[in-house]
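Heads up, the thing below is written out as structure tokens.
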Amino acid sequence: MLRLHNTLTKKIEDFASREDGTVNLFVCGPTVYDLSHLGHAKTYVQMDVLARVIRANGYDLFYLQNITDIDDKIIVRSAERNVDWQELRTTFQDEYIKDMTSLNNTSVTEYARATDYIEDIISQVTRLVNGGHAYTIENDGIYFEIATFPEYGKLSGRSEVKKDDAQTRIDESEGKRGWNDFCLWKFSKPGEPVWDAPFGAGRPGWHIEDTAISEHFFGPQYDIHGGAVDLIFPHHEAEITQMESISGKAPLVRYWTHTGFLTIDSEKMAKSAGNFYTIREVIEKGYDPLAIRLFMLQSHYRSSINFTFENLDSAKNRLLNWRNIAALRHQTHDTLRDDDEKSTDDRSVSLYATSQALLEALNDDLNTPAALTIIDEAFSRIANAKLDDIHQHALTQLLETIDETLGLNIVQTTPDISDDAKRLIIERQHARTNQDWKKSDTLRDQLQKDGITVRDTPHGSVWEYSV
RNA sequence: GGCGCGUUGGCGGAGCAGUUACGCAGCGGUCUGCAAAACCGCGUAGACGGGUGCAACUCCCGUACGUGCCUCCA
């Protein structure tokens with residue numbers, strides 16, 4: 001049974017899908033005006049694990065992610081660079097997908113670009129205008145009137161923010177009926193991207209993109225909406241307000257999940273502070289993207305993560321150690337023995353229960369730190385065992401479960417070594433039996449050059465991938 | 001100012017009212033043809049002050065510090 005923390009109730013709840021066997025998940029994607037940074041990596045890795053865990057529970061999951069490809073930042077940036085906005089957004093959408101792929105965030109069923117759903121957006125704005133929820137400000141745009149939706153604030157608990165709050169800014173747009181009213185559709189200025197609409201040519205506001213896209217695929221109600229905490233207000237609050245006003249059906253979303261922020265050197269990541277890292281540049285420093293992924297899984301998704309290279313190194317080393325354990329599956333001589341016979345052998349290392357324990361930890365509101373501990377404990381039992389006592393099938397199955405749920409690609413990144421290398425290892429074993437240390441060491445050096453480290457344990461020689 | 005979160009050993013990071021979390025790094029030792037690994041041990045974790053309990057890192061209250069949102073933001 002999957003349990004998830006729900007921002008709406010601030011409680012961990014048992015998960016039940018709206019329709020048996022299927023789950024609809026929407027996660028807010030990025031605005032594609034620049035390379036993605038480590039904060040994006042955190043959110044999307046953790047949401048990817050959520051998707052994997054839902055599927056591991058047997059659900060048929062549709063994971064929808066929007067791409068904001070029209071907004072002020074894109075317009076400004078394309079003007080700065082003197083490139084067409086469509087070229088800019090296509091470039092950075094491609095870069096985003098590239099980064100996600102390298103992090104192995106491959107669970108998304110559909111990436112939906114806002115500008116591909118203008119019809120749906122116009123339809124929503126039209127319905128809001130006709131329903132008396134929206135009004136026009138001349139030469140500005142169409143705004144949602146929050147006073148028409150009494151439940152505004154039910155997600156963020158921020159319904160009665162007072163105007164005289166010290167930090168509340170006065171919105172630049174004059175003519176708004178409510179100080180908090182938000183824009184649904186902006187009338188374009190000359191030279192800006194523009195789409196025709198019955199209520200005036202222009203471009204979509206931010207919040208309406210997501211509800212138009214989610215309605216297009218899921219209808220007015222669906223199961224889970226994810227994103228980082230900073231989106232709770234006003235973005236997700238606005239989504240609820242829009243869609244529930246349009247459909248009259250509540251709740252828009254049954255479970256809201258939010259990821260904590262990533263900080264760098266304990267400070268908020270900001271270009272001005274000089275502590276801003278893109279995913280790309282960390283990879284270019286030589287870090288395995290899967291080590292970045294493991295780093296993100298070392299803490300709970302709702303916690304914040306403090307990024308330092310020291311901490312990333314820690315994850316990197318842990319991953320390398322795991323891979324060497326995984327490589328043992330190529331070195332067991334299991335084929336000589338029957339699996340069933342083995343599983344009843346007291347000395348064999350029991351691993352079947354580990355996969356189950358792993359799933360249970362993840363079902364507990366995605367407790368990835370606990371999941372990693374379960375893996376560590378199982379792996380240390382393996383490391384201490386004789387090769388013959390390692391149940392090859394069980395180990396392989398465990399690795400597959402880890403990859404399926406955590407997406408660490410352990411199976412794929414731990415290939416068997418070549419037959420030639422195997423021959424050298426056997427040759428070296430003979431040399432050692434004959435106490436021909438010179439030959440033994442020469443062969444070890446030779447293997448080292450091929451990226452294979454051999455170490456001799458009391459139970460025999462074992463090979464590992466060289467660092 | 002409003003609302004929220006956090007404070008655990010060198011670093012990261014969980015669970016749990018009473019028993020070694022775990023990982024990464026360090027030091028000492030055992031073992032070993034060498035190398036490595038592994039194992040054992042060590043550095044006596046729980047911001048501070050109260051409270052409840054036989055017992056608190058774990059529950060309650062307060063204080064301090066940090067941090068997030070309130071504006072675009074993953």
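In what follows, every chain begins at residue 1, and chains take the letters A, B, ... in the order their sequences are listed.
When the C1' atom is compared between B:rU52 and B:rU20, the two are found 29 Å apart, to the nearest whole Å. As rounded to the nearest Å, B:rC42 and B:rC34 have C1' atoms that lie 28 Å from one another. Annotation: B:rG29 and B:rA21 have their C1' atoms spaced 25 Å apart (nearest Å). A gap of 42 Å separates the C1' atoms of B:rG51 and B:rC40, to the nearest Å. The C1' atoms of B:rC69 and B:rA74 are separated by 14 Å, rounded to the nearest whole Å. Spacing of C1' atoms, B:rG18 relative to B:rG53, comes out at 12 Å, to the nearest Å. A distance of about 10 Å separates the C1' atoms of B:rG49 and B:rA64, rounded to the whole Å. Here, B:rC16 and B:rC65 have their P atoms 31 Å apart, quoted to the whole Å.
Remark: C1' of B:rA36 and CD1 of A:Ile325 are 14 Å apart, rounded to the nearest angstrom. One can place OH of A:Tyr111 at 14 Å from P of B:rA74, the figure rounded to the nearest angstrom. Across the protein-nucleic acid pair, A:Asn105 atom CG and B:rA74 atom P stand 15 Å apart, rounded to whole Å. Put simply, CZ on A:Phe26 is 13 Å from P on B:rA74, counting in whole angstrom units. For the pair A:Asp71 CG and B:rU71 C1', the computed distance is 14 Å after rounding to whole Å. A straight line from CD of A:Gln448 to P of B:rC34 spans 18 Å, rounded to a whole angstrom. One interatomic measurement links the two molecules: CE of A:Met296 to P of B:rA74, which rounds to 15 Å at whole-angstrom precision. Taking atom CD of A:Glu237 as the reference point, atom C1' of B:rU71 lies 16 Å away to the nearest angstrom.
Taking the six-membered ring where tryptophan is involved, the planes of A:His207 and A:Phe182 are perpendicular, since the angle between them exceeds 60° and thus also 30°.
Atoms CH2 and CD, on A:Trp256 and A:Glu237 in that order, are 8.5 Å from each other to the nearest 0.5 Å.
A salt bridge links A:Asp34 to A:Arg77: at least one charged side-chain nitrogen sits closer than 4.0 Å to a carboxylate oxygen.
A:Phe62 and A:Tyr222 have their aromatic ring centers separated by at least 6.0 angstrom. A distance of 6.0 Å or more separates the ring centres of A:Tyr33 and A:Phe92. A distance below 6.0 Å separates the ring centres of A:Phe15 and A:Tyr255. Under the 6.0 Å cut-off for aromatic ring centres, A:Tyr277 and A:His37 do not qualify, their centroids lying 6.0 Å or more apart. Taking the six-membered ring for Trp and the full ring otherwise, the centers of A:Tyr44 and A:Tyr96 sit less than 6.0 Å from each other. Less than 6.0 angstrom separates the ring centroid of A:Phe307 from the ring centroid of A:Phe295. Ring centroids of A:Phe309 and A:Tyr287 are separated by less than 6.0 Å, placing the two rings close together.
With respect to A:Arg89, the salt bridge (Lys or Arg N to Asp or Glu O under 4.0 Å) criterion is satisfied by exactly one of A:Asp69, A:Asp71, A:Asp116, A:Asp94: A:Asp69.
For A:Phe233, whose side chain is taken as the heavy atoms from C-beta onward, the closest listed nucleotide among B:rA74, B:rA21, B:rC69 is B:rC69.
Nearest-nucleotide positions on RNA chain B for A:Thr43 and A:Trp437 put A:Trp437 closer to the 5' end. The residue among A:Gly29 and A:Asn317 whose nearest nucleotide of RNA chain B lies closer to the 5′ end is A:Asn317.
A:Thr31 comes within 4.0 angstrom of sugar-phosphate atoms only, judged by non-hydrogen atoms across all strands, and of no base. Heavy atoms of A:Leu372 sit nowhere under 4.0 angstrom from any nucleic acid atom. A:Gln435 comes within contact range of no nucleotide atom at all, as no heavy-atom separation falls under 4.0 Å. Base engagement by A:Arg428 is indicated by at least one non-hydrogen atom pair under 4.0 Å involving a base atom. Within the 4.0 angstrom heavy-atom criterion, no nucleotide atom of any strand lies near A:Val27. Across all strands, A:Asp230 comes closer than 4.0 Å to base atoms (heavy-atom distances). Counting non-hydrogen atoms under 4.0 angstrom, A:Arg432 reaches a base of the nucleic acid.
For the pair A:Thr414/A:Tyr465, a side-chain contact is recorded, criterion being any heavy-atom separation below 4.5 Å from C-beta on. Taking 4.5 Å as the limit, every side-chain heavy atom of A:Leu35 sits out of range of all side-chain heavy atoms of A:Ile279.
At a cut-off of 3.5 angstrom, the base of B:rG33 holds at least one donor-acceptor pair with the side chain of A:Asp441. At a cut-off of 3.5 angstrom, the base of B:rC34 holds at least one donor-acceptor pair with the side chain of A:Arg444.
Looking at residues two or more places apart in sequence or on another chain, you find a salt bridge (Lys or Arg N to Asp or Glu O under 4.0 Å) between A:Asp365 and A:Arg302. Residues satisfying the ring pair (Phe, Tyr, Trp, His ring centres under 6.0 Å) criterion with A:Tyr301, sequence neighbours excluded, are absent altogether.
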Nucleotide N/O of nucleotides 37-42 of chain B paired with protein N/O under 3.5 Å:
from	atom 1	to	atom 2	distance (Å)
B:rA37	O2'	A:Arg455	NH1	2.8
B:rA37	O2'	A:Arg455	NH2	3.4
B:rA38	O3'	A:Asn384	OD1	2.7
B:rA38	O2'	A:Asn384	OD1	3.4
B:rC39	OP1	A:Asn384	ND2	3.2

Table of protein N/O atoms under 3.5 Å from nucleotides 10-13 of chain B N/O atoms:
from	atom 1	to	atom 2	distance (Å)
B:rC11	O2'	A:Asn311	ND2	2.5

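Between the side chains of A:Trp322 and A:Asp376, a donor-acceptor pair is found at a separation under 3.5 Å.
A:Asn321 has no side-chain polar atom (N or O) that falls below the 4.0 Å cut-off from OP1 or OP2 of B:rG23.
Within residues 280-289 of chain A, no residue has a heavy atom under 4.0 Å from RNA chain B.
Remark: RNA chain B forms stems of 3 or more consecutive Watson-Crick or G-U wobble pairs, all pair distances under 3.5 Å, at B:1-7 with B:64-70, B:10-12 with B:22-24, B:26-30 with B:38-42, B:47-51 with B:59-63.
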Apply ring-ring contact (aromatic ring centres under 6.0 Å, His included) to the pair A:His236 and A:His258, showing each step before the final yes or no. CA-CA 11 Å; A:His236 292 163; A:His258 290 100; 5.0 Å; yes

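More than 90° away from 0 lies the glycosidic angle of B:rG33, which makes this nucleotide anti.
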